[in-house]
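Here's the structure, in structure tokens; my notes come after.
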Amino acid sequence: MTASSVAPTAPLSEAAAPSATLERIAERERKYLLQTYSRYPVVLTRGKGVFLYDIEGRKYLDFVSGLGVNALGHGHPRIVKAIREQAARLVHVSNLYYHEYQGLLAEKLCTLAGGSSGDGSSGEKFRAFFSNSGTEAIEGSIKLARLAGHRSGGEAKCRLVALEGSYHGRTFGALSLTGQDKHRKGFEPLLEDVTFVKQNNVEGLRAAVNDNTCAIVLEPIFGEGGIYECSAEFLRECRVLADRHKAALIFDEIQCGLGRTGTIFAFQGFDVTPDIVAIAKPLAAGLPLGAFIAKEEFANAIAPGQHGTTFGGGPLACRVALEFLSIVEEEKLLENVNKVGAYLRDQLEELVKKRALATAVRGRGFIQGIQLEIPARPIVDAGLAEGVLFNSTQDTVVRFLPPFLLQEKHVDKGIRVLKKLLGKKQKPAA
Ligand SMILES: *Cc1c(COP(=O)(O)O)cnc(C)c1O
């Protein structure tokens, strides 16, 4: 044995040792990380299916899926196999060269969005661009909408319409579209060409959209904003106005898309087809990958060299995304989302009926939320102690974004814990 192999080496081995406690890990992050996150006090080390395990071996039922990313749960054998195989063959080539998977993934997504089998000829024709994240998919979408707008209406056709309470990401473009002061504050000036409209306010929408509008951008279901759905009437009016004024209707399906609502694209459950759709979170089963897909008449506004990325759409991420989509299909996961999502809905409605502290259920499928009369964070903290991961948003909403594999018995467990937590709180008030 050499001296170096027995010497107590620094951080790496320390992190793997049993003494690597939550406190030590948190202390190191407090010292060395930009302080942007307020994490829950748990160190997760592995996962299997709908369960996660912490550094002490405690087990948690996962209703969060890494914010909607781990739609196949954790450690799905086919995903593990695809990553292993592709990592050994080719991880990255840049967009200077072809690889086998980007075109296949684009074909798959465009066909799914076009609503037709085969080459998409009987439905809408779409084209895809791959990014690394949701916010980048939004950036690309609005850049494309600007190009198309300038082409059809000159320099003045640059204005964007977005919704109050929305969330589209943290880069300057995406942040400019985000209708929440808490995210915007301190970063001004942002893009000045954005008009905000109240969700589902048709009159406000009509007043905001005109010939200088190049895009209307919205989440069909607000995710970070507290699980509020756009009404069918509002979305139809968005479609009419976008057509009338030659603006792009852009759906941000980064959180609600790719199966979470029970259809592969959320817009397919709302009967309105957007011109551009941004997707990301679950696309590559945990690897960073985002995309936007655009109808041909907008897609052809861009020329080689006008947009690009070094990492986006690499062979590893694209191959895994193809595997993700195959698994959703072959394991009939949309059916599961619809079935268990309806069950979750019923159970939450029941909770609202019986617990004064919960007042409303919103959302559908595996993107749902319950509105509380009290701050949600203590409920989430208490859930953690009970071995269930919930998530809160907008202070008073408990949000459910479970893996598509979730079963009724898992819902029962989550509901049991919520009942206990909400019940306890109710007594002093009664
Ligand atoms: C998460 C999210 C984004 C941003 O995606 P990132 O991958 O975090 O950049 C944008 N829009 C919506 C609706 C989201 O939920």
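Every heavy atom of this structure was used, including side-chain atoms; hydrogens, water molecules and symmetry mates were not. Treat the numbers as computed from the prediction; the structure is a model and nothing was measured. Just follow the structure's listing: the first ligand is 1, and inside any ligand the first atom is 1.
For atom 9 (O) of ligand 1, the nearest protein heavy atom (residue, atom name, distance) is Thr135 N, 2.8 Å. Looking only at heavy atoms of the protein, atom 11 (N) of ligand 1 is closest to Asp252 OD2, 2.7 Å. Here the heavy atom of the protein found nearest to atom 14 (C) of ligand 1 is Lys281 NZ, 2.8 Å. Protein heavy atom nearest atom 5 (O) of ligand 1, with residue, atom name and distance: Gly134 CA, 3.3 Å.
For the ligand labelled ligand 1, residue Ile138 lies outside the 4.0 Å heavy-atom shell.
Figure legend: Arg399 and Phe390 shown without cation-pi pairing, the cationic atom not lying both under 6.0 angstrom from the six-membered ring centre and within 45 degrees of its axis. By the 6.0 Å and 45° rule, Arg364 stacks over the aromatic ring of Phe270. A cation-pi arrangement is not found for Lys59 relative to Tyr53, the charged atom failing to lie both closer than 6.0 Å to the ring centre and inside a 45° cone about the ring normal.
Near Glu219, meaning under 4.0 Å from one of its heavy atoms, ligand 1 places the atoms 13 (C). Set against the non-hydrogen atoms of Ser133, the atoms of ligand 1 under 4.0 Å away are 7 (O), 9 (O).
Among the atoms of Gln255, some N or O lies under 3.5 angstrom from an N or O of ligand 1.
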CA sep, side-chain torsions, deciding dist, call: His76, Phe404, ring-ring contact (aromatic ring centres under 6.0 Å, His included): CA-CA 12 Å; His76 192 291; Phe404 297 176; over 10 Å; no
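Between Lys419 and Asp412 there is no salt bridge, since no side-chain N of the basic residue sits under 4.0 Å from a carboxylate O of the acidic one. Using a 4.0 Å cut-off between charged nitrogen and carboxylate oxygen, Asp275 and Arg239 count as a salt-bridge pair.
Arg260 and Gln255 share no donor-acceptor pair across their side chains, judged by distance under 3.5 Å alone.
Shown here, atom 7 (O) of ligand 1 is in close reach of the protein: a heavy atom of it lies under 4.0 Å off.
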